[in-house]
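Taking it in order: structure first as structure tokens, then the write-up.
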Amino acid sequence: DAGITQSPRYKITETGRQVTLMCHQTWSHSYMFWYRQDLGHGLRLIYYSAAADITDKGEVSDGYVVSRSKTENFPLTLESATRSQTSVYFCASSEQDSGNTIYFGEGSWLTVV
Amino acid sequence: QKEVEQNSGPLSVPEGAIASLNCTYSDRVSQSFFWYRQYSGKSPELIMSIYSNGDKEDGRFTAQLNKASQYVSLLIRDSQPSDSATYLCAVVIKAAGNKLTFGGGTRVLVKP
């Protein structure tokens, strides 16, 4: 039971570079989410998706792009990485919307230098 | 005012004691509430969900919800060193597009 897998788990990149964080789930959950976690801010929603080809912005979406061509994949792209995007990124999924349990991936640690 | 607020801690409790964690939220119409546990360097994992006023017990954990006062709490009975973690309160907030909004978490340290 693989659940949700994220890659890469750890990445260091330079300011201005494009970075893509991958997320793959094996449960066929409809909803998928990207959160970032920072000290002092907790977990904040970046983007979410209700189904393939349906995505919407969360609280902190500026500088990020997502796509969902297949139900199982939900990649997050930082178009031009900035130091403020240094964070831990968690992908998550749920069968239904946020009123139901959300399951998290293991996280991707991103450092922008 | 943050939509979901928790005391950051650390909350230090002796082994075997009860740890009491509190969470307040801003949205009067919220209906879904969750407690997640997060070990250092790991992802959050669900401990409890609660939807109705009152208490809900699951093993050593009890969630308590009071919608009129807009707070939800988590009690950990017979605390063990393995309970040392950060506990995240999460609430579905209408103003956030009915999406799950997390508090900043309370760090709990259980001392043997």
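In the text below, chain A, chain B and the rest are named by the order of the sequence lines, each starting its count at 1.
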(message) If I measure from the heavy atoms of chain A, does B/Y51 come under 4.5 Å with its side chain, its backbone, both, or neither?
(response)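 The answer is the side chain of B/Y51.
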
(request) Go through the atoms of B/E45 and report whether side chain, backbone, both or neither lie under 4.5 Å from a heavy atom of chain A. (result)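 Looking at B/E45, nothing touches chain A.
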
(request) Could you tell me if the ring centre of A/W109 sits under 6.0 Å from that of A/Y10? (result)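 Between A/Y10 and A/W109, which both carry aromatic rings, the centre distance is below 6.0 Å.
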
Portion of [X] that has a non-hydrogen atom of chain B nearer than 4.5 angstrom:
| X | result |
| --- | --- |
| A/E106 | backbone |
| A/F104 | both |
| A/L43 | both |

(request) Look at atom CD of B/Q70 and say whether more than 12 heavy atoms of other residues, nucleotides or ligands are closer to it than 6.0 Å. (result)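 Yes - once you tally the heavy atoms of other residues, nucleotides and ligands closer than 6.0 Å, there are more than 12.
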
(message) Are more than 12 heavy atoms, taken from residues, nucleotides or ligands other than B/R107, located less than 6.0 Å from that residue's CZ atom?
(response)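 It does not: B/R107 CZ has 12 such atoms or fewer within range.
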
(message) Less than 3.5 Å apart, any donor N or O on the side chain of A/T20 or A/T77 sitting next to an acceptor on the other?
(response)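 Side chains of A/T20 and A/T77: pair found under 3.5 Å.
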
(message) Does this structure show an ion pair linking B/K56 with B/D58, if we count only N-O contacts that are shorter than 4.0 Å?
(response)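 No.
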
